[in-house]
Each structure stands twice: as C-alpha cells, then as structure tokens.
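What follows is a single structure, written as structure tokens, with notes after it.
Computed from a prediction, not measured in an experiment: that's the story for all the values here.
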Amino acid sequence: MEQDTDKKSLDFIRTIITEDITSNKNEGRVATRFPPEPNGYLHIGHAKSICLNFGVAEEFGGSCNLRFDDTNPTKEDTEFVESIMEDVKWLGFNWDGLYYASDYFQNLYEFAVQLIKNGKAYVDSLSSEEIRQYRGTLSEPGKESPFSNRSVEENLELFEKMKNGEFEEGAYVLRAKVDMASGNLNMRDPIMYRILKQHHHRTGDTWNIYPMYDFAHGQSDSIEKITHSLCTLEFEDHRPLYNWFVEQLGIYAPRQIEFARLNLTYTVLSKRKLMQLVRDNHVSGWDDPRMPTISGLRRRGYTAAAIRNFCEKIGVTKHDSVTEVALLEHSLRDDLNKTALRVMGVLNPLKIVITNYPEDSSEELDAINNPEDESAGKRKVPFSKELYIERDDFMEDPPKKFYRLSPGREVRFRYAYFITCNEVIKDEEGNVIELHCTYDPETKGGNSPDGRKVKATIHWVSAKHALKREVKLYDRLFTEPDPEHNKEGKDFIELLNPESLKVLDNCYLEPSLAEAKPGENYQFERIGYFTVDSMSYKNGEQVFNRTVTLRDAWAKVKGR
RNA sequence: UGGGCCGUCGUCUAAUGGUAGGACCCUGGCCUUUGACGCCAGUUGUAGAGGUUCGAAUCCUCUCGGCCCAGCCA
C-alpha cells in the first residue's frame with residue numbers, strides 16, 4: 001500500500017499554480033477560463049483544454065469562466081455557441097461566468113483610444129499587401145509604415161471615423177507601435193483593429209470595426225481577472241505582445257502558460273479540416289459518429305466519464321505528441337465495462353433449428369445484466385425452437401484453434417443449454433443456410449449435471465421473439481495514423497477510410513432492447529458496445545451504433 | 001541560417017542531483033457461462049558527444065532532430 005498520499009505528481013501547470021498559491025500570488029486566488037471561438041463544434045482536443053481549465057479550478061477551489069472569443073463576425077454563429085455550451089455541460093462542467101469577448105468591445109475600444117493617446121498606436125493607410133511587405137521576413141527586419149508617425153489628433157480622428165463607418169473595409173487599420181525590427185513577428189506593429197462592416201451575432205450592427213484576437217484575448221483575461229491563462233503552444237510567441245498591451249494599459253496581468261494541444265491517430269483535429277469534412281459531405285454532419293467532435297463521440301456512444309478519464313491519462317506537457325486512439329478506446333471500454341448492460345444481439349444471423357425442442361413452445365431464461373455490477377440485476381431472455389446465432393460462430397471445417405460450433409460439436413448457448421450441431425443445411429450453391437441441432441434439457445441455464453465441459457459459450461436470440469434492427473458499424477475515419485502528414489504527400493481527403501461506415505440491416509436483437517434509448521450504453525456480448533442512434537430511425541425503429549468493439553483475441557489468432 | 005519552444009520504452013507520461021517507474025499497445029500464461037473483464041509474467045527508453053559531480057534523464061557546453069511564427073484568422 002502506498003502510504004504517502006502526497007506522492008502523486010502534478011503536471012507542470014498544476015505545479016506552477018501550487019507554487020503561486022504557496023507564495024500567495026493573487027492572494028491565493030485561482031481563476032481560469034475556457035475561451036473557444038464559436039466558429040465550429042468542440043472536439044476531443046477541446047475536451048483536453050476543458051478538463052484542464054475546469055479541472056484546475058475545481059481542484060484549487062477557484063473559478064472557471066466560459067468565454068466566447070467572438071471577435072470575427074464573418075465566421076461566428078449562434079449555432080456554434082449553443083453546441084459549445086451543450087458540450088461543456090455534457091462533459092460535466094459548470095462555468096462560473098459566461099462571457100463573450102464582444103461584451104468587452106466598448107472596453108477594448110477605450111483601451112485602443114488610450115494607446116493612441118499615449119502614442120502607442122496609429123492608424124495605418126497601407127493596404128494589406130503593403131503591410132505584408134513592410135513586415136519583413138523571418139530573417140529580415142520589417143520597416144516602419146510611412147503612416148506610423150501621424151499625430152495623436154489625426155489618429156484619434158481617423159479611428160473615430162473608422163468606428164463610425166465612414167471608411168470602406170480595408171481602407172485603414174489600427175496598429176500598435178511596438179518594434180518593426182523584432183525577431184518576433186507578432187511585435188512588428190500588430191494590427192489591433194480592422195474595419196468590418198459585418199453583422200455580429202451578438203452586437204448586431206453596432207460596430208464597424210472589430211478588434212483582432214491579439215488585441216482582445218489578453219485584455220479579456222485581464223478584465224475577468226484570470227490568474228492563469230492556459231492556452232496552446234502556438235500562442236507562446238504572442239505572450240510578449242499580450243504582456244506589452246497589459247503593461248501599456250496598466251491593467252491586471254494574468255499569467256499565460258502554454259501546453260501542447262492534443263493530436264490523435266487516425267483522425268484530424270483542426271476545425272478547418274473538420275469543417276471541410278462536413279461542408280463537402282464526407283460525413284453526415286458535425287455530429288457524425290465518426291467525427292472526433294464531442295457531439296459525434298456522444299452520438300457514437302462515448303460517455304463523458306470516458307472522455308474525462310482519457311484527458312486525465314494523457315497528461316499535460318509542453319511537447320508535441322500524437323496520442324494513439326487505442327488509449328481513448330481503452331478509456332471508453334474501461335468505463336463501459338463497468339456500466340453497460342449486457343444483452344445478446346446477432347449481427348450476421350445464421351438460423352438454428354433445435355430439432356428436439358417442442359414445436360410452438362418457448363421459455364424464459366435468467367440472464368445477468370452486468371457481471372461487473374450486481375445491482376444491475378437480472379432479466380429474462382426467451383428461448384424457442386428456432387434461433388439465430390452469429391455466422392462467425394460456426395465453421396463447417398474448423399481450424400484447430402476454433403472452438404465454437406461445428407458439425408458434431410457441443411457448445412453452450414449462453415444462459416440456455418448445451419447444444420450439439422447435427423446437420424448442416426445448404427442451398428444449391430453450397431452456402432450454409434441453416435443448422436439442425438439438438439439440445440440437452442438437463443443443461444438448462446448452461447451447466448451440465450454430469451460435469452462435462454464445453455469449450456465455447458456463444459450468444460443467440462430466439463427467432464420469433466427477436467427485434468430486427470439496423471446496426472451501423474464504425475471504423476476509423478482515415479486509413480493512416482497521421483492523415484495530415486503522410487509520406488506520399490496526399491491530401492487528407494484522399495486518405496478517408498472507405499470502410500469507416502458499414503450498415504447491417506439484418507440484425508436480430510433480444511427483445512429487452514425494445515425500450516433502449518439514445519444515451520444508454522449496451523454491451524452486445526462478445527461483440528462490442530452499442531447505443532441507439534439519436535438521429536436516425538428506420539421505419540420508426542431504433543438504429544444501433546457500434547460505439548467500440550470488444551477486444552478480440554480470436555481475431556488476432558485468426559489473422560495469423 | 002530571425003525569434004520562440006521541445007527531445008525519456010512503439011505511443012502517452014513519471015522521476016526536479018541518489019534503484020529510470022506507470023498506463024496504452026504488443027507477446028506469453030492463468031482464469032472464465034462473454035476468445036470480454038480480471039490476474040501473473042515478459043520485450044522495449046533517457047537523441048548524440050563532451051564536461052561538472054562520489055553520483056546526471058535532471059546542471060553546463062556543443063552537436064543533431066522536431067514543432068510554431070511572415071492572416072486585416074483564432
């Protein structure tokens with residue numbers, strides 16, 4: 001037994017926060033925020049950030065805001081803010097404050113005026129092309145704009161007119177006066193405001209100018225008195241600029257700490273690429289069960305607990321990494337194994353006739369709902385003369401390692417009887433279409449009074465009691481682990497897995513599933529975990545999504 | 001070759017000057033009314049070279065490799 005309870009190691013961010021609390025920085029206060037732009041749906045990468053920000057707040061007795069960074073009205077939409085709020089809540093987190101960067105547009109405007117008055121910002125008349133040229137390159141310094149020395153009065157007047165909509169988009173821009181020779185391109189007089197005569201999802205047509213993210217983000221954090229601004233690595237270069245703004249403005253200074261974003265094998269996690277998959281109909285939508293979005297994973301049958309546990313397992317560091325999906329799937333199975341109710345369902349049916357079972361008769365057998373959770377109780381499963389089993393559970397001429405049903409062999413039908421295969425019925429083409437078997441009435445429930453053993457236990461459903469349903473099997477969306485950087489240099493769209501979705505329309509499920517609903521997880525024994533699709537119903541009946549397969553040792557043996 | 005950041009098993013991560021540990025994956029085996037779960041065992045790692053030190057993944061130097069930045073995107 002581990003005696004020391006304080007042995008568990010903290011990630012580098014929690015270590016810093018612990019030190020800050022110890023030194024009484026911010027009077028020991030901890031405040032974080034999750035700051036998405038509402039221009040797409042949240043994905044598993046965002047879940048990492050959500051778990052970090054909300055998790056840290058919880059652990060240190062702090063607060064965590066949800067703030068929408070909605071500074072670009074051309075890309076943002078209320079559809080996305082709604083889905084984001086739903087996803088955060090579904091993951092199990094409650095924000096303290098709900099804010100929008102657009103709440104601060106007036107403050108930001110005043111900050112800009114303040115910088116102009118202090119000679120730290122100017123209105124530039126250069127075109128975007130000229131600005132790009134003046135910026136210099138990675139190895140050569142930029143040069144100052146010919147407009148960078150306008151008088152404060154002129155800058156104020158021009159900026160006022162920009163605000164009032166007196167200029168066309170692109171005509172002017174407000175820039176911070178920092179250092180055109182800086183090695184950090186973000187410091188080469190970054191643009192603070194651009195003219196955008198666009199309708200904003202929250203402020204409507206109030207504004208003709210909108211702040212750039214770089215001029216909004218740091219100050220928004222400052223306004224909210226965020227103590228630890230956690231963001232991803234690519235913003236490391238922006239930190240000096242945020243600090244510069246905060247210092248020039250003389251406002252509260254949050255501390256930004258950057259961590260590596262999540263990458264996952266066999267998928268893409270960039271909003272732009274996910275957007276493309278949706279827009280070009282490579283998937284059915286943001287919530288397509290193959291998508292790595294929170295809504296897609298949810299529809300697929302993932303649980304919030306599984307995602308949270310996954311985020312805990314992957315940790316938080318500063319090095320770029322690519323996590324194997326296997327770890328995500330492990331977290332999923334780990335949760336589902338403990339919670340999912342067991343049922344029997346046959347995906348590829350093979351008919352069985354129990355020749356010595358009475359005609360027109362049936363009986364109900366006891367089945368355990370979840371061997372991992374006794375409180376889940378038991379249910380009844382009907383048994384009768386005609387049944388279905390999985391085609392894969394029968395082989396006419398089995399290899400040595402195959403120990404399921406085959407001619408002359410006896411196996412156990414789970415919770416039912418020992419069954420022996422006597423006769424194989426085929427069609428004209430030689431396909432096996434039916435099996436004639438006998439059952440041993442003495443083995444009811446699955447145990448033999450004489451103590452004889454069988455090597456295999458297989459699942460089954462009673463033909464006349466079964467629910468016939470459509471089942472969708474999902475596989476990885478891409479054929480390569482890193483679709484964005486493949487050796488042939490192909491576009492990621494070319495790497496889409498043509499077999500990522502298989503629809504099975506001839507599946508037979510045990511009748512207890514009649515009441516199954518979306519959001520409930522079931523284990524089809526020996527096959528995998530399934531849930532009811534929340535969107536598609538076939539003829540008013542449920543469609544089942546396969547969430548993830550069970551681990552399958554036989555598949556490995558067979559594959560050799 | 002301007003600036004910033006990063007290199008620990010195949011993958012994700014611990015170890016913060018004192019036995020390189022865990023998880024996933026993989027491989028054996030045990031168990032089993034799910035070829036699941038569980039249990040046991042095993043393979044594999046400090047990018048490299050110097051230096052400091054009784055002792056280096058950790059500190060120093062150099063080398064090599066990787067990622068990010070030249071949007072009026074975030």
Side-chain angles (χ1 to χ4, degrees), chain A residues 8-9 11 15 35-37 39 69-72 74-76 124 126-128 131-133 135-142 169-175 181-188 190-196 209-210 212-214 216-217 231-240 258 260 262 265 271-272 313-331 333-334 337-338 342 344 367-368 371-372 401-404 412-416 418 445-447 454-459 481 523-528 549-558:
Chain A
K8 72 171 188 315
S9 63
D11 59 62
T15 302
E37 182 191 14
N39 68 341
D69 273 340
D70 53 353
T71 55
N72 185 352
T74 64
K75 293 187 174 174
E76 295 145 9
D124 200 348
L126 254 27
S127 68
S128 58
I131 287 179
R132 190 172 63 76
Q133 284 165 1
R135 187 150 36 219
T137 67
L138 293 179
S139 51
E140 300 159 24
E169 291 187 8
Y172 294 95
V173 94
L174 182 72
R175 294 231 253 166
S182 173
N184 181 347
L185 303 213
N186 296 117
M187 302 300 269
R188 320 244 263 229
I191 293 170
M192 296 160 59
Y193 268 94
R194 73 288 216 193
I195 299 170
L196 247 30
I209 53 173
Y210 290 91
M212 296 288 289
Y213 174 84
D214 277 355
H217 190 80
C231 67
T232 44
L233 255 24
E234 67 269 26
F235 293 104
E236 218 150 13
D237 284 345
H238 298 241
R239 175 157 38 87
E258 308 85 7
L262 173 70
T265 54
K271 270 199 247 180
R272 207 206 97 234
K313 277 185 212 294
I314 58 176
V316 182
T317 66
K318 286 192 75 125
H319 26 266
D320 295 304
S321 58
V322 185
T323 300
E324 293 177 341
V325 263
L327 188 57
L328 212 212
E329 292 178 344
H330 165 76
S331 304
R333 292 191 183 103
D334 196 38
N337 176 51
K338 287 178 278 193
R342 270 60 168 174
M344 292 195 284
I368 294 165
E372 308 282 327
K401 289 279 183 66
F402 182 90
Y403 48 80
R404 276 112 93 150
R412 171 166 41 233
F413 276 30
R414 177 146 236 226
Y415 299 127
F418 282 14
N447 289 303
V454 287
K455 193 87 169 102
T457 299
I458 67 175
H459 62 277
Q523 184 197 98
F524 291 9
E525 290 204 40
R526 306 207 307 129
I527 302 177
T549 62
L550 246 32
R551 289 182 76 233
D552 188 354
W554 166 241
K556 284 173 190 165
V557 173
K558 193 171 61 171

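Residue order along RNA chain B, read from the 5' end via each residue's closest nucleotide, puts A:Asp320 first among A:Glu37 and A:Asp320. Residues A:Trp554 and A:Arg239 each lie close to RNA chain B; by heavy-atom proximity, the contact nearer the 5' end of the strand is made by A:Arg239.
Within the 3.5 Å criterion, the main-chain N or O of A:Leu185 finds no donor-acceptor partner in the side chain of A:Ser182. In this structure, the side chain of A:Asn39 does not engage the main chain of A:Glu76 through any donor-acceptor pair within 3.5 Å. No donor-acceptor pair under 3.5 Å is formed between the side chain of A:Arg414 and the backbone N or O of A:Thr457.
The residue A:Leu327 sits close only to the backbone: its heavy atoms come under 4.0 Å of sugar-phosphate atoms, none of a base. Counting non-hydrogen atoms under 4.0 angstrom, A:Tyr403 reaches a base of the nucleic acid. Among the protein residues, A:Asp552 comes within range of the sugar-phosphate backbone only, with heavy atoms under 4.0 Å from sugar or phosphate atoms but none that close to a base. Across all strands, A:Tyr193 comes closer than 4.0 Å to no nucleic acid atom at all (heavy-atom distances). Residue contacts for A:Glu329: at a heavy-atom cut-off of 4.0 Å it reaches no nucleic acid atom on any strand shown. Using a 4.0 Å heavy-atom distance criterion, A:Val322 is classed as a sugar-phosphate-only contact. Note on A:Ser128: a base of the nucleic acid sits closer than 4.0 angstrom, heavy atoms only. Using a 4.0 Å heavy-atom criterion, one finds that A:Ile131 contacts the bases of the nucleic acid, with or without backbone contacts as well. Note on A:Phe402: a base of the nucleic acid sits closer than 4.0 angstrom, heavy atoms only. A:Thr71 comes within 4.0 angstrom of the backbone, heavy atoms only, and of no base. Residue-level contact check: A:Arg404 touches the bases, meaning some heavy atom is under 4.0 Å from a base atom. The residue A:Leu233 sits apart from the nucleic acid: no heavy atom pair falls under 4.0 Å. When heavy atoms are screened at a 4.0 angstrom cut-off, A:Arg135 is found touching the sugar-phosphate backbone but no base atom. Nucleic acid contact for A:Arg333: none, since no nucleic acid atom lies under 4.0 Å from a heavy atom of the residue.
Interface remark: the A:Glu324 side chain does form a donor-acceptor pair with the B:G10 base, using a distance-only criterion of under 3.5 Å.
For A:Leu138, taking side-chain heavy atoms from C-beta onward, the closest of the listed nucleotides B:A70, B:C6, B:G35 is B:A70. For A:Glu236, taking side-chain heavy atoms from C-beta onward, the closest of the listed nucleotides B:U34, B:U27, B:G4 is B:G4. Checking B:U27, B:A70, B:A36 against every side-chain atom of A:Leu185, the shortest atom distance belongs to B:A70. The nucleotide whose nearest atom lies closest to any side-chain atom of A:Lys556 is, among B:G3, B:C26, B:G35, B:C26. Minimum atom distance to the side chain of A:His238 is reached by B:A74, of the listed B:A74, B:G35, B:C73.
One distance of note links CG of A:Leu328 with CZ of A:Arg333; it measures 10.5 Å at 0.5 Å rounding. To the nearest 0.5 Å, the span separating CD1 on A:Ile209 from CG on A:Leu174 amounts to 8.0 Å. Taking CZ of A:Phe402 as the reference point, atom CH2 of A:Trp554 lies at 6.0 Å (rounded to 0.5 Å). Rounding to the nearest 0.5 Å places CG of A:Leu550 at 9.0 Å from CD1 of A:Ile527. In this structure, A:Glu324 CD and A:His330 NE2 are separated by 13.0 Å, a value rounded to the nearest 0.5 Å.
Going from atom CD of A:Gln523 over to atom C1' of B:U34 covers 7 Å, rounded to whole Å. We find that CZ of A:Arg132 is positioned 14 Å from P of B:C73, with the value rounded to whole Å. The CG-P distance, from A:Asn72 to B:A74, rounds to 5 Å in whole Å. When the P atom of B:C24 is taken as reference, atom CD1 of A:Ile314 falls 16 Å away, rounded to whole Å. Distance NZ (A:Lys338) to C1' (B:A36): 15 Å, rounded to an integer number of Å. Computed from coordinates, the A:Arg188 CZ to B:A70 P distance equals 11 Å when rounded to whole Å. Look at CG on A:Asp237: it is 5 Å from C1' on B:C69, rounded to the nearest Å.
Of the C1' atoms belonging to B:C24 and B:C60, the separation is 36 Å, rounded to the nearest Å. B:G28 and B:G66: their P atoms are spaced 36 Å apart (whole Å). For the C1' atoms, the distance from B:A14 to B:G22 is 7 Å, rounded to whole Å. Comparing the C1' positions of B:C12 and B:G4 gives a spacing of 25 Å, expressed to the nearest Å. Look at the C1' atom in both B:G50 and B:C6: the space between them is 22 Å, to the nearest Å. Comparing B:G65 with B:U8, their C1' atoms sit 15 Å apart, to the nearest whole Å. Comparing the P positions of B:U58 and B:U46 gives a spacing of 12 Å, expressed to the nearest Å. Spacing of C1' atoms, B:G38 relative to B:U43, comes out at 22 Å, to the nearest Å.
Taking a cutoff of 4.0 Å between a charged side-chain nitrogen and a carboxylate oxygen, A:Glu169 and A:Arg194 do not qualify as a salt bridge. Between A:Glu37 and A:Lys75, no side-chain nitrogen of the basic residue sits less than 4.0 Å from a carboxylate oxygen of the acidic one, so the salt-bridge criterion is not met.
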Check step by step if side-chain contact (heavy atoms from CB on, under 4.5 Å) holds for A:Glu236 and A:Lys318.
CA-CA 11 Å; A:Glu236 218 150 13; A:Lys318 286 192 75 125; 2.5 Å; yes
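In textbook terms, a nucleotide whose glycosidic angle is within 90° of 0 is syn, while B:G50, being further out, is anti.
Side-chain N/O atoms of A:Ser321 include none lying less than 4.0 angstrom from OP1 or OP2 on B:U11. Put simply, A:Arg194 has a side-chain N or O that comes within less than 4.0 Å of OP1 or OP2 on B:A74.
Where pairing requires Watson-Crick or G-U contacts shorter than 3.5 Å, the helical stems of RNA chain B with at least three consecutive pairs are B:2-7 with B:64-69, B:10-13 with B:21-24, B:26-30 with B:38-42, B:47-51 with B:59-63.
Under the 30°/60° scheme for interplanar angles, the aromatic rings of A:Tyr213 and A:Phe235 are found to be tilted.
Side-chain contact between A:Tyr403 and A:Lys401 is absent, with no heavy atoms from C-beta onward closer than 4.5 Å. Within the 4.5 Å cutoff, the side chain of A:Arg412 has no heavy atoms near those of the A:Ile458 side chain. Annotation: side chain of A:His459 is not in contact with side chain of A:Tyr415 (no heavy-atom distance under 4.5 Å).
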Protein proximity profile, nucleotides 38-45 of chain B - base contact B, sugar-phosphate-only contact S, no contact -, cut-off 4.0 Å on heavy atoms
--------
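Between A:Gln523 and the options A:Arg342, A:Met344, A:Glu372, a side chain to side chain contact (heavy atoms under 4.5 Å, CB included) holds for only A:Arg342.
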Using a cut-off of under 3.5 Å, enumerate the N/O to N/O pairs linking the protein to nucleotides 14-17 of chain B.
residue, atom, partner, partner atom, Å
B:A14, O3', A:Ser9, OG, 3.4

